[in-house]
S.K.: 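Okay, here's the structure, questions in a sec.
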Amino acid sequence: MNFFKWTALGVGGVVAVAHIGVLGHIITATRVPEAPVINFPGGDYSSYKIEAGKEGYSIEYKANDPAILESQKSLSLDKNKKGFFGGGTESRREWRKDQFTMDGTRNLGGVGGDGEGKLTAKEEECLVADAGARSQGAMAGTSIAAGVGVPAVIGVPYVGWLAAGWVALLGGRVGSTVGSTVGSVFNDC
């Protein structure tokens, strides 16, 4: 009789432990997975969106939303010109759209070469070379205009002195543009 009691108790214990194990497995298998707890830094312009499903979850977080503020301006100008040498009409239509960051800085359409607003060494070298080439070109253009163009127009009655100044200014402007072009070719810019 003793043998029968121990056998029944052993079989009953195995069945009880098996049932407890099966119940534990069923309970944990039907539990819905939880999304992790993430503490987003909050602010006046912060936003986030969480989408969770059986496949997993996705998080979209913006620390500064809206990041860019926009301003739009338009100008319409119709003007009649009158003058000693004739008149005309001027008709201008301008439209401007600016983007600003929240601290009031105007977005100029990009950053410098290294992504942080600083110029690279090559860009800085090209900038310095262009300034020098423009200066030298303007000096050469003014000199050529003063030697060739000014003597040709200085003899015009009443306005010769004015035309001579225009020729010198035009020579400087053209020389500056040509100097910039030549300098960019020679400096690989």
Side-chain angles (χ1 to χ4, degrees), residues 1-78 90-137 176-189:
M1 190 79 175
N2 224 357
F3 177 72
F4 181 71
K5 286 182 183 178
W6 285 109
T7 306
L9 186 62
V11 171
V14 168
V15 170
V17 168
H19 275 78
I20 291 173
V22 169
L23 279 174
H25 177 69
I26 290 174
I27 289 172
T28 58
T30 58
R31 196 179 295 169
V32 177
E34 295 179 16
V37 176
I38 300 173
N39 294 323
F40 294 107
D44 293 337
Y45 300 102
S46 298
S47 68
Y48 61 90
K49 181 171 73 171
I50 300 175
E51 294 179 7
K54 291 181 181 180
E55 311 298 318
Y57 60 91
S58 67
I59 299 172
E60 181 180 329
Y61 174 71
K62 292 184 180 179
N64 192 12
D65 185 27
I68 297 175
L69 307 171
E70 289 186 354
S71 170
Q72 297 179 4
K73 298 176 184 176
S74 64
L75 171 70
S76 298
L77 175 68
D78 295 321
E90 178 184 2
S91 178
R92 276 189 354 196
R93 306 280 181 260
E94 293 180 13
W95 185 74
R96 180 174 172 172
K97 180 178 177 181
D98 291 327
Q99 293 181 341
F100 296 90
T101 58
M102 291 188 51
D103 62 354
T105 307
R106 189 162 70 99
N107 183 3
L108 299 176
V111 295
D114 65 354
E116 292 188 17
K118 298 177 184 174
L119 296 176
T120 62
K122 180 66 176 173
E123 289 173 332
E124 189 173 336
E125 179 184 331
C126 287
L127 187 64
V128 170
D130 184 56
R134 283 184 183 274
S135 175
Q136 293 295 321
S176 174
T177 304
V178 171
S180 175
T181 304
V182 170
S184 67
V185 169
F186 279 113
N187 292 312
D188 273 342
C189 295

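Numbers for residues simply follow the sequence, beginning at 1.
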S.K.: With a 4.5 Å heavy-atom cut-off, do Tyr57 and Ile59 have their side chains touching?
M.R.: yes
S.K.: Testing the basics here: between Cys126 and Asp188, what is the closest heavy-atom pair and its distance to 0.1 Å?
M.R.: SG-O, 4.4 Å
S.K.: Going by the rule side chain to side chain contact (heavy atoms under 4.5 Å, CB included), which residues pair with Val128 if we only count those two or more places apart in sequence or in a different chain?
M.R.: none
S.K.: With sequence neighbours left out, write down each residue that passes side chain to side chain contact (heavy atoms under 4.5 Å, CB included) with Leu23, or none if nothing qualifies.
M.R.: none
S.K.: If I take atom OG from residue Ser180 and atom CD from residue Gln136, how far apart are they, to the nearest 0.5 angstrom?
M.R.: 13.0 Å
S.K.: Tell me the closest heavy-atom pair linking Asp98 and Arg96, and the distance in Å.
M.R.: OD2-NE, 2.9 Å
S.K.: With sequence neighbours left out, write down each residue that passes side chain to side chain contact (heavy atoms under 4.5 Å, CB included) with Ser91, or none if nothing qualifies.
M.R.: Asp78, Arg93
S.K.: Glu94: which residues meet the salt bridge (Lys or Arg N to Asp or Glu O under 4.0 Å) condition with it, sequence neighbours left out?
M.R.: Arg92
S.K.: Supply the atom-to-atom distance Asp130 CG to Glu123 CD, rounded to the nearest 0.5 angstrom.
M.R.: 13.0 Å
S.K.: Under the side chain to side chain contact (heavy atoms under 4.5 Å, CB included) test, which residues partner Tyr48, sequence neighbours left out?
M.R.: Phe40, Ile50, Tyr61
S.K.: I'd like to know if the side chain of His19 reaches the main chain of Val15, judged simply by a donor and an acceptor atom lying under 3.5 Å from each other, with no hydrogens or angles considered.
M.R.: yes
S.K.: Among residues at least two apart in sequence or on other chains, which ones pass salt bridge (Lys or Arg N to Asp or Glu O under 4.0 Å) with Lys97?
M.R.: Glu70
S.K.: Closest heavy-atom contact between Ala133 and Gly179?
M.R.: CB-O, 3.1 Å
